[in-house]
Amino acid sequence: MRIKQVSVFVENQPGRLEAILKVLEDKGVSIRALSVSDTAEFGIVRMILPDAEFGLEVLREAGFTTRIDWILSAHIPNVPGGLLNSVVRPLADAGINLKYFYAYIEQPAEDKAMVLLKTDDLEKAEEVLKSL
Amino acid sequence: MIRDPEHEKMPRKDLEQLQLERLQAKVRVVYEKVPFYRQAFKEKGVTPDDIQTLSDLTKLPFTSKLDFRDNYPFGLMAVPHDQVVRIHSSSGTTGKPIIAPYTQGDIDTWSEIMARTLAAGGATKDDVIQNAYGYGLFTGGLGFHYGAERLGASVIPTSGGNTKRQILLLQDLETTVITCTPSYALILDETAKDMGIDLRDTKLRLGFMGAEPWSEQMRGDIEERLGILAINIYGLTEIIGPGVSVECPYKCGMHIAEDHFLVEVINPETGEQLPYGEEGELVITTLTKEAQPVIRFRTKDIVSLNPEPCDCGRTLVRMSRVTGRSDDMLIVRGVNVFPSQIESVLLAIEGVEPHYMIVVDRQHVFKSDELEIWVEVSEEVFSDEMLKMENLEQRLREEMDSVLGISAHIKLVEPKTIARTEGKAKRVVDRSEL
């Protein structure tokens, strides 16, 4: 299904990720999933928050460059080959390119994991995953 | 509008005669009253009698910023102290400040020139002028203040800073004209947006901006964001403050108040005078200044002069936008780099904030050929995809390379990383200061 993701631009320096997390803590925002892509000088922090718009607002107020994007979330079985067979191969077979993805194991149902992904074709990827 | 048609539209021949007479008188004054000039004239083997035509100007010695420092505080003054009614000073970021004394006559002249300046850009007595140049030692604040009063407009002397109050007053007092530095105009816009106010919805229609280098793209950006006509102004503490030159609404160069300032452009290396149209260092001689007249002051500002009559009817020579300041000029791997070039690249890329900083390394000689440019990432250009961010970085790098002629390291930084200054923007920073 579609889900809103909040991204934040961050300089690759000690204390910058901490500053983002501190803003969210102060405003009582919990983080459901998080990934960081980085280069030597900057990074992109991507997060799934309970209320994306609120998260965007508090981060923007704190002076961060931030944005919201629609991405996809998919449940996969927490077994060997789960990610491959439930997401990666079906999308590859359909000719859809994955731009990035990250995963986390859902508690308490440890038999399931959740992956969050962005592709070059959101609608088509959504159809492929739904049809499985 | 032309406030003083007699002087602003004076036939060139008459104007040149007026300039010559004023130059001859002024040269005599400094020769008699200022030991520094008497000595400098002697070294050049020239006396006031040698000035028979305007082209004899080249026989006279130059005055540099260093000469002001060496003669600090009153060594260049040509009147007794009791004639001085006001003293301004430059910010003095390097060494001793420049001291600028004024007689009552100087204040009157300056006020009139500033009223002319405001009128040239289109301000009238019916305008409400919010003067956000700093009041105090800096010439910008009081210079515009006196000019606006002379014009008969209503002045709001807000000075710089306290930006939220500036915007409140701008809205509630129905300000029509803003006077401030170009970088402060952008701060005003950012702050207004944070307050949920669009400056285009206010009565603001006109701005007089200068005191720091800015580009044509930055003007377009300010005009669009604030919904105003932005007029470029030019002046220096050593000469009088603002008022040396100003654009008319045709925006095709700044008309120099030539009845008060005699200008030339020289080759900064050889000191040789260059013909009209050629780019070089602007040199100014004051023709009417009483307290501290200046002969052939080397401004370090790189400009060109255009003598063609303007569509506005003025016969005064126009100077180009300052394309560079040799103080700011960086020499990287033997190539001259001006901050204004960097700004033009940033403004040409959609969504990129024109906030940048150049980091140089003057401490470590072995690294001195590295040029690093910090660019703030705005929400318009930020992407959740790393590839797009890397493409942005690459595009900035490529455009900088092609404009500057040397490669620069681009560093994307978080917004507001780069200090906003309410006076002059500091664009070049040494690594040791970070």
Side-chain angles (χ1 to χ4, degrees), chain A residues 2-20 22-23 33-49 52-53 55-57 59-72 97-102 116-122, chain B residues 163-164 186-187 190-196 346 349-359 361 370-397 400 407-420 429 431 434:
Chain A
R2 290 185 192 198
I3 188 165
K4 280 180 181 171
Q5 169 190 267
V6 177
S7 314
V8 187
F9 177 83
V10 64
E11 283 171 42
N12 196 349
Q13 275 183 27
R16 297 315 297 155
L17 182 59
E18 184 196 3
I20 294 175
K22 184 78 172 56
V23 169
L34 176 142
S35 91
V36 183
S37 306
D38 63 289
T39 67
E41 287 183 340
F42 69 88
I44 301 168
V45 177
R46 307 186 187 102
M47 293 176 288
I48 304 300
L49 305 174
E53 276 79 13
L56 179 92
E57 205 48 50
L59 288 164
R60 187 181 274 164
E61 255 172 43
F64 288 100
T65 296
T66 177
R67 59 181 282 146
I68 287 181
D69 295 280
W70 283 103
I71 59 165
L72 290 175
N97 189 32
L98 265 173
K99 296 195 161 182
Y100 59 77
F101 73 90
Y102 47 112
L116 298 146
L117 55 118
K118 180 153 186 187
T119 66
D120 53 6
D121 189 337
L122 183 125
Chain B
T163 309
K164 282 189 176 161
L186 291 174
I187 294 175
E190 276 184 20
T191 310
K193 287 213 170 80
D194 286 347
M195 293 164 72
L346 297 182
I349 296 180
E350 189 73 23
V352 173
E353 289 285 323
H355 291 298
Y356 65 94
M357 192 167 76
I358 303 159
V359 181
D361 199 326
E370 277 181 19
L371 179 66
E372 183 169 306
I373 302 168
W374 290 17
V375 182
E376 288 188 1
V377 173
S378 66
E379 295 201 344
E380 283 79 12
V381 295
F382 175 50
S383 168
D384 58 317
E385 295 172 28
M386 189 53 87
L387 185 66
K388 286 189 182 159
M389 294 306 288
E390 285 173 342
N391 285 346
L392 171 70
E393 213 176 31
Q394 192 186 342
R395 186 169 165 212
L396 283 167
R397 191 163 49 235
M400 288 293 175
S407 59
H409 177 72
I410 304 292
K411 183 175 175 183
L412 299 178
V413 299
E414 290 171 24
K416 319 240 155 108
T417 304
I418 298 167
R420 303 289 199 276
V429 171
R431 190 174 295 282
L434 294 174

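Note on naming: letters A, B, ... go to the chains in the order of the sequence lines (proteins, then strands), and numbering restarts at 1 for each one.
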Measure from the side-chain N and O atoms of Glu41(A) to the backbone N and O of Lys411(B), and report whether any donor-acceptor pair falls under 3.5 Å.
no

With no hydrogens and no angle check, is any side-chain donor or acceptor of Ser37(A) less than 3.5 Å from a backbone partner on Met386(B)?
no

Spacing of [atom1] belonging to [X] relative to [atom2] belonging to [Y], to within rounding of 0.5 Å:
X: Leu412(B); Y: Thr39(A); atom1: CG; atom2: OG1; value: 8.0 Å
X: Gln5(A); Y: Asp384(B); atom1: CD; atom2: CG; value: 5.5 Å
X: Thr65(A); Y: Glu376(B); atom1: OG1; atom2: CD; value: 8.0 Å
X: Phe64(A); Y: Phe382(B); atom1: CZ; atom2: CZ; value: 11.0 Å

Using every non-hydrogen atom in the two residues, find where Glu11(A) and Val413(B) come nearest and quote the distance to one decimal.
OE2-CB, 3.2 Å

Could you report the tightest heavy-atom contact between Pro415(B) and Gly63(A), atom names first, then the distance?
CG-O, 3.3 Å

Contacting moiety of [X], where chain B heavy atoms sit under 4.5 Å:
X: Val8(A); value: backbone
X: Tyr100(A); value: side chain
X: Asp38(A); value: backbone
X: Arg67(A); value: both

Which residues pass the salt bridge (charged side-chain N to carboxylate O under 4.0 Å, His left out) test with Glu61(A), not counting sequence neighbours?
none

Is Glu379(B) close to Thr66(A) at the side-chain level, that is, under 4.5 Å between some pair of heavy atoms?
yes

Taking atom NZ of Lys164(B) as the centre, does the number of heavy atoms from other residues, nucleotides or ligands within less than 6.0 Å exceed 12?
no

